[in-house]
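Encoded as structure tokens, the structure appears first; notes follow it.
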There are 4 protein chains.
Amino acid sequence: MPKIVDHNRYRRELLQRALAIFAEQGYGAITMRQIAKRLGVSTGTLYHYFPSKEGLFMQLVQELCERDITDFFDQAPVAAAVGDRLRAVVAFYLENFRFYQQQLLLWVDFHQHRQRAAPDEQPFLQGFWQRTRDRLASYLQLPNPAHVDFVLVFMDGLLLQFLYHRGEIESDWLTQQMEVLVALIDAH
Amino acid sequence: MPKIVDHNRYRRELLQRALAIFAEQGYGAITMRQIAKRLGVSTGTLYHYFPSKEGLFMQLVQELCERDITDFFDQAPVAAAVGDRLRAVVAFYLENFRFYQQQLLLWVDFHQHRQRAAPDEQPFLQGFWQRTRDRLASYLQLPNPAHVDFVLVFMDGLLLQFLYHRGEIESDWLTQQMEVLVALIDAH
Amino acid sequence: MPKIVDHNRYRRELLQRALAIFAEQGYGAITMRQIAKRLGVSTGTLYHYFPSKEGLFMQLVQELCERDITDFFDQAPVAAAVGDRLRAVVAFYLENFRFYQQQLLLWVDFHQHRQRAAPDEQPFLQGFWQRTRDRLASYLQLPNPAHVDFVLVFMDGLLLQFLYHRGEIESDWLTQQMEVLVALIDAH
Amino acid sequence: MPKIVDHNRYRRELLQRALAIFAEQGYGAITMRQIAKRLGVSTGTLYHYFPSKEGLFMQLVQELCERDITDFFDQAPVAAAVGDRLRAVVAFYLENFRFYQQQLLLWVDFHQHRQRAAPDEQPFLQGFWQRTRDRLASYLQLPNPAHVDFVLVFMDGLLLQFLYHRGEIESDWLTQQMEVLVALIDAH
DNA sequence: TATGAATGAGTATTCATTCAT
DNA sequence: CATGAATGAATACTCATTCAT
């Protein structure tokens with residue numbers, strides 16, 4: 001009888017934990033040995049679960065796309081006022097900033113990887129963006145649908161500001177910007 | 001004396017041309033030999049002008065910060081209407097998108113480099129952000145100063161959207177978002 | 001001014017010295033590090049002159065084919081009697097046995113490599129065999145041309161016997177076999 | 001007790017089937033996992049029957065030596081004419097060429113292995129050669145015993161020719177060479 | 001100043017072998 | 001007996017960097 005291991009379950013667990021490692025150092029700067037060590041396994045084991053560094057990375061991107069981030073929004077308070085719903089969304093975003101920042105760093109690495117990679121478009125990307133937009137739209141219930149994208153753009157911009165200033169952003173400034181968004185949109 | 005000028009002039013020329021190379025492939029993926037080859041010099045020469053790969057990269061970031069991007073805004077039309085000035089800024093941004101995207105990719109590499117690097121804050125970064133903000137503010141002349149940051153955040157967000165969707169963004173969508181920004185800000 | 005090195009000349013010198021190493025241990029058993037160490041260079045240098053282990057090996061095979069082994073026969077005594085010419089050939093073969101054994105071992109490795117290799121036939125092989133046969137034929141001047149091949153087959157057979165018995169073959173036995181060949185062929 | 005018989009029987013069956021695998025790719029190029037997969041067992045099972053890759057290989061060589069190949073000759077036609085007996089031997093050899101080629105490749109691997117291996121001579125090798133020679137001698141019944149070795153050398157030579165030319169040898173050439181042998185030996 | 005040959009530590013990956021189940 | 005997950009040393013190969021010319 002073989003050693004009893006749920007191969008797929010364990011693989012996804014490793015994948016989960018690998019996200020932070022990649023985001024922290026970037027695809028090029030991290031080594032398989034370091035990943036293995038931080039995951040507490042040997043390099044051999046890592047290669048038992050993933051075909052290559054590239055394969056591990058791609059599975060990570062895919063996993064991230066399949067994970068339905070917008071689930072969280074469903075648990076958000078169903079506020080009557082548009083402004084409150086906007087504040088709830090941005091607040092949630094800020095609370096999970098570390099995760100979104102990791103995601104951003106992974107995207108950038110992914111972007112640079114696509115340059116030489118085969119041109120077969122990864123279909124999971126499209127679905128991901130569509131779903132994110134739809135969820136946000138149905139939660140915010142804005143009269144003007146273009147404003148949904150505008151909110152998304154705003155939040156992405158906040159992310160970049162964080163990256164540029166290395167997280168040394170005062171919460172006052174954040175609140176201020178959020179209120180600018182609320183004020184602008186709420187006033188039509 | 002003239003030698004020194006030449007040396008420095010040539011160094012900055014190489015630096016200039018190195019930006020695209022780094023941005024294209026990322027710090028980790030590019031090799032000094034590739035850089036040398038694309039610059040049309042030998043590796044020895046490269047090391048004559050730059051102390052190391054890291055040094056070359058850091059000089060690149062610094063160069064980018066010292067370059068006064070906002071100079072361009074000065075040549076922008078001095079429109080009477082706030083909306084037109086906003087449109088001019090965003091239009092200029094979009095026209096030079098490739099450059100800003102390169103800059104973004106460089107920032108990310110820089111960010112991931114800082115992790116292990118010495119924590120001595122690079123002062124040129126602060127100056128850069130301050131200058132950018134000031135120039136934009138003096139051009140736009142918005143009643144509410146918080147709106148200047150909001151515009152910056154918006155433009156960063158657009159950049160990320162481009163990255164995510166690999167540049168396959170319809171110009172209609174861009175125009176729409178720009179007009180949303182104009183409409184929101186222009187209406188106070 | 002660059003370091004003055006005749007790249008191609010040095011490459012062929014390394015190639016020359018690599019033959020014994022490959023023959024001694026076989027393609028699969030030798031490592032690039034070992035080769036480098038025995039050649040007195042670093043692995044980096046080895047890769048500066050050869051693109052890969054496979055490339056080094058293939059160049060070795062090609063070099064061996066281009067080297068005109070039959071040159072030696074030209075310096076052989078031009079004996080009047082067929083038997084003496086046969087003896088001269090076999091004697092020369094035996095004197096250079098170590099080299100031919102190395103060649104054999106290389107061929108076998110090459111054979112096993114071709115299995116998965118691309119089916120584009122290496123053309124240098126054909127020329128090699130043709131030349132060897134022609135030279136031998138013109139030296140031996142046998143009435144029956146089929147006997148030239150027969151002599152080649154005989155010498156290959158001797159080589160295998162050496163391999164099987166690890167070189168522990170008495171010279172009496174060799175002389176005996178050579179005389180059998182001479183007797184058989186000389187008597188038509 | 002019966003268990004042990006089964007164990008041994010199964011071991012030899014695996015051994016038998018492993019010959020082709022080793023000969024096909026060579027000792028260095030084949031992995032234990034590949035062997036296991038092609039034998040339809042797990043690596044664990046393979047290690048249950050053989051102590052190591054080297055052990056498996058050595059048992060293979062030994063098995064090959066103990067297998068009495070010359071048994072086949074006994075079933076050969078007892079021809080009155082020496083020429084016919086020679087033809088029968090060579091014909092049989094040619095019919096089983098694949099096997100002999102595998103054997104040759106195995107020998108070469110074995111030869112290259114002995115270099116670093118302990119110098120304790122494997123005694124089974126000597127017995128093998130003695131037996132082969134004796135059987136061939138008693139079948140051919142040649143007046144001159146040195147001719148028996150000559151025939152062996154000839155057949156080894158044919159094998160090498162096959163290897164060199166990758167089996168692309170015309171049967172006409174083979175027949176011709178065989179007849180040269182017959183003619184030479186038959187005419188004393 | 002410029003070249004590119006040389007270095008060797010470091011990278012992704014493989015593989016014989018072990019061992020818990 | 002049988003399995004295949006786990007290990008880590010070893011392999012082919014790369015690359016920042018140095019240095020003789």
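Lettering of chains follows the sequences in order, A, B, ..., and the numbering in each one begins at 1.
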**Message:** Nearest whole Å is fine: how far is F/dC15 P from B/Tyr27 OH?
**Reply:** 13 Å
**Message:** Looking at A/Glu63 and A/Arg11, is there a salt bridge between them, counting it only when a charged N and a carboxylate O are closer than 4.0 Å?
**Reply:** no
**Message:** Only Watson-Crick and G-U wobble pairs, only distances under 3.5 Å, only runs of 3 or more: what stems does that leave for DNA chain E?
**Reply:** E:2-21 with F:2-21
**Request:** Count the heavy atoms belonging to other residues, nucleotides or ligands that lie under 6.0 Å from CZ of D/Arg12, then report whether that count exceeds 12.
**Result:** no
**Asked** Which whole-number value in Å describes the distance from D/Tyr49 OH to F/dT3 C1'?
**Response** 13 Å
**Request:** Evaluate whether atom CZ of B/Arg98 has more than 12 neighbouring non-hydrogen atoms of other residues, nucleotides or ligands under 6.0 angstrom away.
**Result:** no
**Request:** Describe the nucleic acid contact of B/Thr43 in one word from base, sugar-phosphate, nothing, applying a heavy-atom distance below 4.0 Å.
**Result:** base
**Complete:** When rounded to whole Å, the CG to P distance for the pair C/Leu39 and E/dA6 reads 12 Å
**Parallel, tilted or perpendicular: ring planes of A/His113 versus A/Tyr27, cut at 30 and 60 degrees** = perpendicular
**Prompt:** Relative to the 5' end of DNA chain F, which residue comes earlier, B/Ile30 or D/His48, by the nucleotide with the nearest heavy atom?
**Reply:** D/His48
**Message:** Between D/Glu13 and D/Arg9, does any NZ, NE, NH1 or NH2 come within less than 4.0 Å of an OD or OE carboxylate oxygen?
**Reply:** no
**Item:** Comparing A/Tyr47 and C/Arg33 on DNA chain E - which has the more 5′ nearest nucleotide
**Value:** C/Arg33
**Request:** Calculate the interatomic distance between A/Lys37 atom NZ and F/dA6 atom P; express it in whole Å.
**Result:** 19 Å
**Asked** To the nearest Å, how far apart are B/Arg11 CZ and E/dT1 P?
**Response** 13 Å
**Prompt:** Out of E/dG4, E/dT17, F/dA2, which nucleotide sits closest to the side chain of D/Thr45?
**Reply:** F/dA2
**Atom-pair distance (CG on A/Leu46; P on F/dG8), nearest Å** = 14 Å
**Asked** Can you check the A/Met32 CE to F/dT7 C1' distance for me, whole Å?
**Response** 15 Å
**Message:** Nearest whole Å is fine: how far is E/dT11 C1' from A/Lys53 NZ?
**Reply:** 8 Å
**Prompt:** What about B/Tyr164 and A/His111, are their ring centers closer than 6.0 Å?
**Reply:** no
**Message:** Is there a side-chain contact between C/Ile30 and C/Lys53 in this structure, where contact means two heavy atoms from C-beta onward sitting under 4.5 Å apart?
**Reply:** yes
**Message:** Need one value for B/Ser52: base, sugar-phosphate or nothing, where a base atom within 4.0 Å counts as base even if backbone is also close, heavy atoms only.
**Reply:** sugar-phosphate
**Request:** Would you please confirm or rule out a distance under 4.0 Å between OP1 or OP2 of E/dA6 and any side-chain N or O of C/Ser42?
**Result:** no
